[in-house]
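Just below is one structure, and these are the notes that go with it.
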Amino acid sequence: MAMDSFPNRPLTITEGRALHRSDAFRMVAPASAHTASGEDERLVSALVLVRDRTVQGVGYDLEADEWTVVYDESFDADDDAERADADGVVEAAEEHAQAANEALREWAGHEDREFEAVEDSTVQAEAGESERARVLFERYRAATGNADADVDAE
């Protein structure tokens, strides 16, 4: 399933933070970030999105040139008392966010990492430039009209 509300390109870390601060989501966390040689900006190609009682893991599919839903689960708290319900929702959201992160990392072909390691917006990309990062930056520059940027691909 495609995410029609996202642009047909990877997002910058700044755009991911803006989504996190928006009223549309309770939380947005990067599950995969990439750097390219000579670039200051990092691109995000997978995100965990938490809404009220719904968690989605979305990834930028290079072949389809669009964001796709990799993980999508709705949940309810077990208890109906107001405080217990709030705690149950938070716990359920955290469990589903971890599952979404794992599904995205597998989908993107990354090694396993704990969700907390990528939840922070200062997530560090792998050292060096991968082929996936190179292609993501090409797509990003083409979509944003910045195709003339001089980037060394090593």
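Treat the numbers as computed from the prediction; the structure is a model and nothing was measured. Hydrogens, waters and symmetry mates play no part in the numbers below; they use all other heavy atoms, side chains included.
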His20 and Met27, any side-chain heavy atoms less than 4.5 Å apart | yes
Backbone N/O of Leu62 and side chain of Arg139: donor-acceptor pair under 3.5 Å = yes
What are the two closest non-hydrogen atoms of Phe137 and Thr35, and how far apart are they?
-> CE1-C, 3.6 Å
What distance do Leu11 atom CG and Leu43 atom CG have between them, rounded to the nearest 0.5 Å?
-> 8.5 Å
For the residue pair Leu47 and Pro30, what are the closest heavy atoms and their distance?
-> CD2-CA, 3.8 Å
Mind telling me whether Tyr71 and His96 have parallel, tilted or perpendicular rings, with 30° and 60° as the class edges?
-> tilted
Minimal non-hydrogen separation, Ala93 against Val50, with atom names = CB-CG1, 4.3 Å
Val48 and Val28, any side-chain heavy atoms less than 4.5 Å apart | no
Does Trp67 use its side chain to pair, donor to acceptor, with the backbone of Arg9 at less than 3.5 Å?
-> yes
Quick one: are Tyr60 and Val44 in side-chain contact, heavy atoms under 4.5 Å?
-> no
Which atom pair, heavy atoms only, marks the closest approach of Phe25 to Leu19?
-> CD1-O, 3.7 Å
How long is the span from the OG atom in Ser74 to the CZ atom in Arg51, to the nearest 0.5 Å?
-> 10.5 Å
Taking NZ, NE, NH1 and NH2 as the nitrogens, is one of them in Glu131 or Arg134 under 4.0 Å from a carboxylate oxygen of the other?
-> yes
Looking only at heavy atoms, which two atoms of His34 and Ser45 are closest? And how far apart?
-> NE2-OG, 2.8 Å
What closest approach, in Å, do Ala143 and Asn8 show between heavy atoms, and which atom pair accounts for it?
-> CB-O, 4.5 Å
How many angstroms lie between atom CZ of Arg26 and atom OG1 of Thr54, to the nearest 0.5 angstrom?
-> 11.0 Å
